[in-house]
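Down below is the structure, laid out as structure tokens.
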Amino acid sequence: MIAKLLSVQIGKIVTSGDEQSKEFLTRPYTTASYKNPVNEKVEVTKNGIVGDFVADTVHHGGADKAVFANSFLNYKDWQEFLTVDSLPFGALAENLTFDRIDERDVCIGDVHKIGSVIMEVSQPRKPCWKISRRWGNKNFTKEIFDTGKTGWYYRVLQEGVFQKGDAVERISRPDIAVTIQEANDAFKAPDSHKQTVEKLLSLDFLAEAWSSGLKKRVTNKGGELSYMKID
């Protein structure tokens, strides 16, 4: 056991905001980032948790991004950054909130078992502009990116069920081990982490979309982080 599953969250697609506003923090937007905790067992398929929805199917969802996990260890930093006393489980739009492990402990390709579900870590999460919108802070998405405390995605290898309180077991770790934090650092500044970039691009279990994004970052000497763009 490497961690405990503190909470499981699912969410529906909602539209929020002032229809008359054109300002980023108040104009209408559609999102499924408002995730609510569930206490009962949930069914997990190759496409994610049954009952959970994705609004932006271009950047989220799919087999390589079936389940989004984050660490409760990060919550204190986000509370301080957002100047709030507390944050609810699912504050980062994650499906799973863990204790004890974070981006420094989890490697791409790690295989975890939770309940009867077996999942493989496929990529870091790319922080979306909608998390800034949700918490009313234009700088929040960039702060997540800069710190590398992004959370990570799983692909589902064995469907099943899990629930709040289940143990997180690590079944295996690949021979070439790159942590989520190391991957995020390399994505942010590829020229400064060339060895890590080489390792990442050699991983056949790294999600294709994230691998392609890293290649563009290297080719374009940084490139535009369009998913973070705030107008």
Side-chain angles (χ1 to χ4, degrees), residues 3-17 25 28-79 81-82 84-103 106 112 114-115 117 119 121-137 140-141 143-145 147 149-156 159-166 168 180 207 227-228:
K4 180 180 178 180
L5 178 54
L6 294 179
S7 185
V8 178
Q9 292 81 224
I10 60 175
K12 296 182 178 180
I13 299 171
V14 298
T15 298
S16 177
L25 293 178
Y29 79 120
T30 300
T31 183
S33 63
Y34 291 90
K35 305 293 186 186
N36 298 308
V38 290
N39 292 321
E40 63 272 14
K41 288 183 179 179
V42 293
E43 182 181 354
V44 184
T45 73
K46 300 285 186 179
N47 293 318
I49 300 174
V50 174
D52 185 51
F53 294 87
V54 174
D56 180 0
T57 56
V58 174
H59 298 103
H60 307 296
D64 283 341
K65 293 180 276 191
V67 178
F68 172 35
N70 215 308
S71 173
F72 189 66
L73 300 177
N74 296 333
Y75 271 50
K76 184 175 183 294
D77 291 334
W78 301 145
Q79 287 168 205
F81 183 81
L82 295 170
V84 296
D85 293 332
S86 64
L87 289 170
F89 287 129
L92 277 295
E94 77 271 20
N95 298 118
L96 310 180
T97 311
F98 298 138
D99 69 358
R100 291 170 48 181
I101 57 172
D102 62 19
E103 291 77 6
V106 176
H112 293 167
I114 310 173
V117 182
M119 304 183 292
V121 178
S122 57
Q123 67 166 80
R125 161 87 162 195
K126 288 183 177 179
C128 176
W129 63 265
K130 290 184 180 181
I131 204 68
S132 278
R133 177 66 174 80
R134 176 185 174 181
W135 291 106
N137 187 312
F140 193 27
T141 297
E143 180 70 9
I144 296 170
F145 176 77
T147 61
K149 297 178 179 181
T150 60
W152 55 92
Y153 278 115
Y154 288 107
R155 63 173 63 91
V156 177
E159 298 179 340
V161 296
F162 53 52
Q163 69 181 124
K164 169 186 173 181
D166 281 347
V168 181
I180 296 297
Y227 59 87
M228 286 176 53

Checklist entry - Step by step, would you call F162 with V42 a side-chain contact (heavy atoms from CB on, under 4.5 Å)? => result CA-CA 6 Å; F162 53 52; V42 293; 3.6 Å; yes

Item to check | CA sep, side-chain torsions, deciding dist, call: R134, T31, side-chain contact (heavy atoms from CB on, under 4.5 Å) | outcome: CA-CA 9 Å; R134 176 185 174 181; T31 183; over 6 Å; no

Checklist entry - Which pairs with one or both residues in residues 37-59 pass salt bridge (charged side-chain N to carboxylate O under 4.0 Å, His left out), sequence neighbours excluded? => result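 Only K35-D52 qualify under salt bridge (charged side-chain N to carboxylate O under 4.0 Å, His left out).
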
Item to check | Partner residues of F68 under the ring-ring contact (aromatic ring centres under 6.0 Å, His included) criterion, sequence neighbours left out | outcome: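 For F68 the ring-ring contact (aromatic ring centres under 6.0 Å, His included) partners, ignoring immediate neighbours, are Y153.
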
Next on the checklist: Run the ring-ring contact (aromatic ring centres under 6.0 Å, His included) test against F72 and tell me which residues pass, sequence neighbours left out.
Outcome noted: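 If we apply the ring-ring contact (aromatic ring centres under 6.0 Å, His included) test to F72, skipping adjacent residues, the hits are Y75, F89.
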
Next on the checklist: side-chain contact (heavy atoms from CB on, under 4.5 Å) for V67 and V117? Distances and angles first, verdict last.
Outcome noted: CA-CA 11 Å; V67 178; V117 182; over 6 Å; no

As an exercise, state the distance from [atom1] of [X] to [atom2] of [Y], rounded to the nearest 0.5 Å.
| X | Y | atom1 | atom2 | result |
| --- | --- | --- | --- | --- |
| I49 | N95 | CD1 | CG | 4.0 Å |
| L5 | F98 | CG | CZ | 5.5 Å |
| W152 | D102 | CH2 | CG | 6.5 Å |
| D77 | E143 | CG | CD | 8.5 Å |
| K164 | L6 | NZ | CG | 9.0 Å |
| D64 | Y154 | CG | OH | 14.5 Å |

What heavy-atom pair brings [X] and [Y] nearest, and what distance separates the two atoms?
| X | Y | value |
| --- | --- | --- |
| Q123 | A207 | OE1-CB, 3.3 Å |
| V8 | Q163 | CG2-C, 4.0 Å |
| P37 | S7 | CB-OG, 3.7 Å |
| R133 | S16 | NH2-O, 3.9 Å |
| A69 | E94 | C-CB, 4.2 Å |

Item to check | Check against side-chain hydrogen bond (donor to acceptor under 3.5 Å, both in side chains), T97 and Q9 | outcome: CA-CA 8 Å; T97 311; Q9 292 81 224; 3.2 Å; yes

Checklist entry - Checking side-chain contact (heavy atoms from CB on, under 4.5 Å) for the pair L92/F140: CA distance, chi angles, key distance, verdict? => result CA-CA 11 Å; L92 277 295; F140 193 27; 4.0 Å; yes

So, do [X] and [Y] sit near enough that their side-chain heavy atoms are less than 4.5 Å apart?
| X | Y | answer |
| --- | --- | --- |
| W78 | V84 | no |
| L96 | V168 | no |
| D99 | L73 | no |
| M119 | V156 | yes |
| I180 | K149 | no |
| I13 | T30 | yes |
| W135 | T141 | no |

Checklist entry - Would you call the rings of Y29 and Y34 parallel, tilted or perpendicular, where under 30° means parallel and over 60° means perpendicular? => result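 Y29 vs Y34 ring planes: tilted.
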
Checklist entry - So, the side chain of T150 versus the backbone of K126: is there a donor-acceptor pair under 3.5 Å, distance only? => result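 Between the backbone of K126 and the side chain of T150 there is no qualifying donor-acceptor contact (under 3.5 Å).
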
